[in-house]
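The structure under discussion appears below in the form of structure tokens.
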Amino acid sequence: MKKNLLAGAALALCGFLLSCSSKAKSVSMTYALDEADRYIEQGYPNDALKILSSCEKKIISPMEAIGVYKRYLALDKKKSAENVLKKNLKKNPNNLELNAVYVHFLKNQGRFDEALKRSNALKGTNYGGLRSELRFLSLLKDGQNKDAQAPQGQDFFLTDEMRSLYIDAYNSSGDNAWLRNAALCSLKDGEYGDALEMVPSQIKSSSDAYFWSLVFYDNKKFGEAAEELLEAQNYIEKKEDRFADGTAETKKIAPIEIVSLLSDCYVNMGEDKEAERVRSQLIASIAMEGGSDSLLGTMYLNSALYALQRNDENAAYKTLTFVTQKWPDYAPALIAYGNFAYNSSRRVMDDPLTKSLRDAGVVSTDMKRFDSLPRPSVSDALLRMKESIARTHDDALYVAALELEDKIDGSSDERSRLGRMYRVLERNAISADLYPAQIARYAVHTLLRLDHYDEAKDLFKKYLIARHSIGKEREFEEDLVLCLPKMEIWEIEFAAYFAAKEKNTDLTKRLYERAVYESGYSAAGEGGEISPAAATESAVNLAMIYSSTGKKDKALELYGRAGSRATDNFLRSEIMYRLACVYEAKKDAAAAVKALEYSLYLNPTNGNARLLLGKFKE
């Protein structure tokens with residue numbers, strides 16, 4: 001027992017002595033380096049070199065090695081300085097400080113290839129900016145060298161490799177511009193969530209705020225996007241835009257770009273009044289500089305559509321007329337104007353009471369209001385559309401004009417309408433079975449509307465094969481699912497329709513899920529939100545599939561989301577009826593009755609809703 005105690009005491013004493021020895025060496029090294037500094041300052045380089053040579057043998061830590069290295073550099077002894085780093089890197093190959101100092105040394109010596117190779121050890125660290133600098137210099141050097149192979153296209157600068165360089169550059173400089181570059185790499189690949197994680201803690205300019213508002217918007221974070229846009233307005237109004245180095249930023253975001261996106265944010269948050277308020281403010285102060293005509297046209301068009309929602313047809317007519325005259329080739333406005341003209345032409349007030357009052361020479365307030373409503377000419381709308389098509393060859397506008405003509409010519413026989421559709425296909429064919437997307441969509445829709453199901457299915461299938469090579473190497477159904485990422489939303493929705501008609505439930509469900517949850521934004525599926533690119537009808541059909549396959553809660557949620565985005569009362573009424581059916585299956589009679597009553601409020605002619613409600617009230 002006594003011997004063990006003595007041994008323990010001896011070990012403790014040795015540990016104390018070793019500790020003291022290490023501390024003494026550290027103090028001795030510090031003193032020696034200070035002595036070397038004094039000799040260097042006083043002009044005695046040989047004496048300083050003797051001390052440094054002695055210190056080399058006593059180096060314990062990487063920081064001491066860096067201290068000796070710096071003194072050798074001060075004496076212009078580059079070889080000795082490098083040797084100190086190389087020796088200590090052998091002992092500490094993963095030490096960041098030693099690696100960073102050596103990379104910096106190699107760069108200053110013009111040994112870029114060596115420096116670049118070693119700088120890979122700095123990736124993702126506080127010293128990563130040095131790696132970024134070397135890589136950018138290397139690219140610049142290759143760009144100036146005619147014999148070097150330059151990067152191919154802009155996509156090169158949006159690769160994963162470049163993203164890591166941008167992030168390292170940001171970590172070293174704190175300049176948000178590098179972080180925006182990194183976010184662009186993620187956005188290009190559809191990684192919206194990754195871009196969102198890069199939002200900096202401090203926004204420094206209007207362009208900075210505007211960029212991150214777009215990232216929030218793409219992630220369906222409309223409230224946060226609106227906050228960033230208001231911040232961008234703030235910077236512009238206060239004239240406080242600055243670059244990372246403190247100099248004033250000269251490239252400004254135009255107010256119209258900010259307001260346009262801000263109004264979209266409000267619309268997506270269900271705040272239509274606020275959206276119209278910010279649009280109206282900008283339109284009222286149209287003298288503000290900046291922005292493009294197309295954006296301004298969009299602002300006016302949105303205001304016209306808002307007026308239509310409030311049944312303010314005079315305001316809608318005035319705004320649509322202005323937009324189509326000011327921007328005669330703005331297709332969305334021309335299409336809206338055509339639809340407005342057609343709907344106006346169908347308005348009638350010919351009930352027996354009105355007729356008898358008119359015959360008696362009496363005009364009621366309602367009759368005066370009806371008579372004062374604008375009635376733009378449908379033929380005028382068509383003429384404007386065709387004149388624009390001749391100038392722009394816009395496929396979407398061309399199809400809208402065709403569909404408007406079909407509506408006007410509703411009394412024409414089926415054979416005439418089919419003949420016209422096939423002539424359109426023939427004139428616009430790119431190759432066998434391949435047509436511009438909008439033309440193919442119009443043809444399939446026309447055939448279905450005329451109850452030519454087999455022809456529609458055959459034309460659509462041949463079009464998919466010609467455009468996407470679906471079914472050439474695998475089974476058609478298997479290939480169709482694999483091709484979904486490159487297909488347009490309307491193609492997926494038509495494919496789902498045909499799959500449903502063939503009673504292929506699994507494929508129908510997969511296609512509608514792609515359309516509803518995965519198209520438009522990769523983040524759209526989070527929280528079960530409907531993708532902005534998807535038709536509301538697609539969401540309704542998917543909800544019906546969920547309901548029929550036992551996923552009642554999922555169906556209820558999707559019906560609710562579809563109902564909140566539907567603008568047509570007839571569709572909303574149908575959605576509420578289907579909601580009631582799900583509630584009935586869940587034995588929730590109170591919720592079912594409430595949904596049915598609202599369905600009939602929206603559309604009193606909904607016979608299915610009335611019949612089901614009657615069963616509940618028996």
Legend entry - Pairs meeting criterion salt bridge (charged side-chain N to carboxylate O under 4.0 Å, His left out) with involvement of residues 377-390, two or more places apart: Asp380-Arg384, Lys386-Glu405
Inset, instruction - For residues 328-342, pull every pair meeting salt bridge (charged side-chain N to carboxylate O under 4.0 Å, His left out), keeping only residues two or more places apart or in separate chains. - result: Asp329-Arg391
Residues that [X] engages under salt bridge (charged side-chain N to carboxylate O under 4.0 Å, His left out), provided they are two or more places apart:
{"X": "Arg572", "result": "none"}
{"X": "Arg277", "result": "Glu274"}
{"X": "Glu227", "result": "none"}
{"X": "Asp553", "result": "Lys586"}

Inset, instruction - Kindly say whether the aromatic ring centers of Phe222 and Phe216 come within a distance under 6.0 Å. - result: no
Inset, instruction - Please list, chain by chain and in numerical order, all residues satisfying ring-ring contact (aromatic ring centres under 6.0 Å, His included) with Trp490, sequence neighbours excluded. - result: Tyr463, Phe494
Inset, instruction - Determine whether more than 12 heavy atoms belonging to other residues, nucleotides or ligands lie under 6.0 Å from atom CZ of Phe322. - result: yes
Legend entry - Test: Lys554 cationic atom under 6.0 Å from Tyr546 six-membered ring centre, within 45° of axis: yes
For [X], check side-chain contact (heavy atoms from CB on, under 4.5 Å) against everything at least two apart and list the hits.
{"X": "Ala209", "value": "Ile203, Glu228, Glu231, Ala232"}
{"X": "Ser538", "value": "Glu493, Tyr512, Val516, Ala535"}
{"X": "Lys318", "value": "none"}
{"X": "Ala275", "value": "Ser263, Tyr266, Val267, Arg279"}

Legend entry - Test item: Thr319 side-chain N/O and Ala316 main-chain N/O as donor-acceptor pair under 3.5 Å: no
Legend entry - Contacts of type side-chain hydrogen bond (donor to acceptor under 3.5 Å, both in side chains), residue His468, not counting sequence neighbours: Glu491
Inset, instruction - Go through the side-chain N and O atoms of Thr298 and Tyr330 and say whether any donor and acceptor fall under 3.5 Å apart. - result: yes
